[in-house]
Amino acid sequence: YVAGLDKGKGLYFLFVKSETRTPGGLLARPVLTSYYKSDHFKTRPYDPYNVYTSPNEAILCPDSFQSMYTQMLCGLLDRHEVLRLGAVFASGLLRAIRFLQLNWRQLAHDMETGSLNSKITDPSLRECIVKTLKPNPELAQFVRHECSKDDWEGIIVRIWPNTKYLDVIVTGAMAQYIPTLDYYSGGLPLACTMYASSECYFGLNLNPMCKPSEVSYTIMPNMAYFEFLPHEPNLDSAGFDFTNELPPKLVDLVDVEVGKEYELVITTYAGLCRYRVGDILRVTGFHNSAPQFHFIRRKNVLLSIDSDKTDEAELQTAVENASHLLREHNASVVEYTSHADTKIIPGHYVVYWELLVKDSTNSPDNDTLEQCCLAMEESLNSVYRQGRVADNSIGPLEIRVVKNGTFEELMDYAISRGASINQYKVPRCVNFTPIMELLDSRVVSAHFSPALPHWSPERSQ
Ligand code: AMP
């Protein structure tokens, strides 16, 4: 689809995550960590179409700062050879751009002097980079010149002028990042090549250069036994789930119908039996007899910044746990909703709270509300906390306290647009611009989590 990719390199930001053990003692890790640590990857034969700027030592370094720093440095050193930039998800590539914004001075210093930042302490990584790093004042000057400008529009093509496209997943929850990627890349094509999970590889995009909104993944029938649970989108959004009352028959791979939505169910070689992945897909067509799907969304996920997937129940528990701290102020949370704010990288969760304050002389102060932010973070799942602590892919959680009556206004707005008063439910996550504007115009104070929540690789929960 893209000519000449064998004439240069790919700048891919690839990372390993920490491993955990299951209570039964088995090793548990995300699929890509498993792949990068395998001999398939480490001793892959030379392939001119897949030459990366990042050395294996950088990809395999468990420290996310050292890994990102050296991958960026190598990408800058090879800037004229880079023909494509990528990461697994769009969020990862934007994190790399943010990293460059924060670290270009030190990177330029290393290029100028030919000496490596002392924060790179991993011995094999240091040894590998020091071998290739030579003083290059011209390149250092160029990086300083570009990065010190206030305007970063098109920075990707300014620094890597031969880039033909960006290789990142921008379907599903990642679609929120498309405008920012377009801004930094000057509108380069976006290629979404694969649809996969840690449990199973699902499918490929056979038309990788198509527009993000048109991406369909062709299921590879040999990867697992695929079945499909019919999904009625309208019933789900109204809050009724008839599928729980009378389980509909599972549909086989070859029997799905174009235009219909299904939930993916897999039986894998590794032993999962009729496992509900949680993804909702719509059939768009067939490649031979293999169906092709548009990824609609992940079921029940409210908030997602990176690989975190927070559902309604988790958010509810987090709000409950945090609101205990309001008791000493004789206050409580009357209503809440949330939003994944990705305007600034790393993105962060914003939770809007309307409070009931019984004693206005003792209303919750900034300290208490900051502690509420942290208490919410402590209650969220381990993937969220790993993103906060180890990967720096998620910023501190924010509580925005809104004026009394704001949620009633929200209901009035929904009813004015046709919602039924009987069945109105406060949306626990909002993305619709007029609603966001309404909420933001009623904010009385904003508070951020003052510290990192607890997370360690040993803790699986
Ligand atoms: P994980 O279990 O962390 O490996 O994540 C797998 C999940 O990520 C899938 O079940 C999807 O919800 C999501 N995902 C993976 N690939 C894609 C894609 N191409 N487009 C949208 N979502 C994806």
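When a ligand or atom number is given, it counts from 1 through the structure's own listing order.
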Looking at [X], which atoms of ligand 1 are within less than 4.0 Å of one of its heavy atoms?
{"X": "Val277", "value": "10 (O)"}
{"X": "Phe295", "value": "11 (C), 12 (O), 21 (C), 22 (N)"}
{"X": "Ser198", "value": "1 (P), 2 (O), 4 (O)"}
{"X": "Glu199", "value": "2 (O)"}
{"X": "Tyr217", "value": "18 (C), 19 (N), 20 (N)"}

Please check if the side chain of [X] supplies one atom and the backbone of [Y] the other of a donor-acceptor pair under 3.5 Å.
{"X": "Asn103", "Y": "Leu100", "answer": "no"}
{"X": "Thr70", "Y": "Gln66", "answer": "yes"}
{"X": "Ser197", "Y": "Glu199", "answer": "yes"}

Can you tell me the protein heavy atom closest to [atom] and the distance?
{"atom": "atom 3 (O) of ligand 1", "value": "Lys309 NZ, 3.3 Å"}
{"atom": "atom 17 (C) of ligand 1", "value": "Tyr195 CD1, 3.6 Å"}
{"atom": "atom 20 (N) of ligand 1", "value": "Thr171 OG1, 2.6 Å"}
{"atom": "atom 12 (O) of ligand 1", "value": "Asp279 OD1, 2.8 Å"}

Between [X] and [Y], does any side-chain N to carboxylate O distance fall below 4.0 Å?
{"X": "Arg126", "Y": "Glu57", "result": "no"}
{"X": "Arg276", "Y": "Glu227", "result": "no"}
{"X": "Lys17", "Y": "Asp391", "result": "yes"}
{"X": "Asp440", "Y": "Arg400", "result": "yes"}

Select the closest option to atom 14 (N) of ligand 1 among Ser307, Ser197, Ser304, Ala196, judged by heavy-atom distance.
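The nearest heavy atom belongs to Ala196.
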My understanding is that we take every heavy atom of each candidate and find the minimum distance to atom 7 (C) of ligand 1. Doing that for Lys299, Arg298, Lys17, His294, which one comes out nearest?
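Result: the heavy atom closest to atom 7 (C) of ligand 1 is in Arg298.
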For the residue pair Tyr52 and Tyr12, is the inter-centroid distance of their aromatic rings smaller than 6.0 Å?
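Yes - the distance between ring centres of Tyr52 and Tyr12 falls below the 6.0 Å cut-off.
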Any N or O of Met194 closer than 3.5 Å to N or O of ligand 1:
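There is such a contact, yes.
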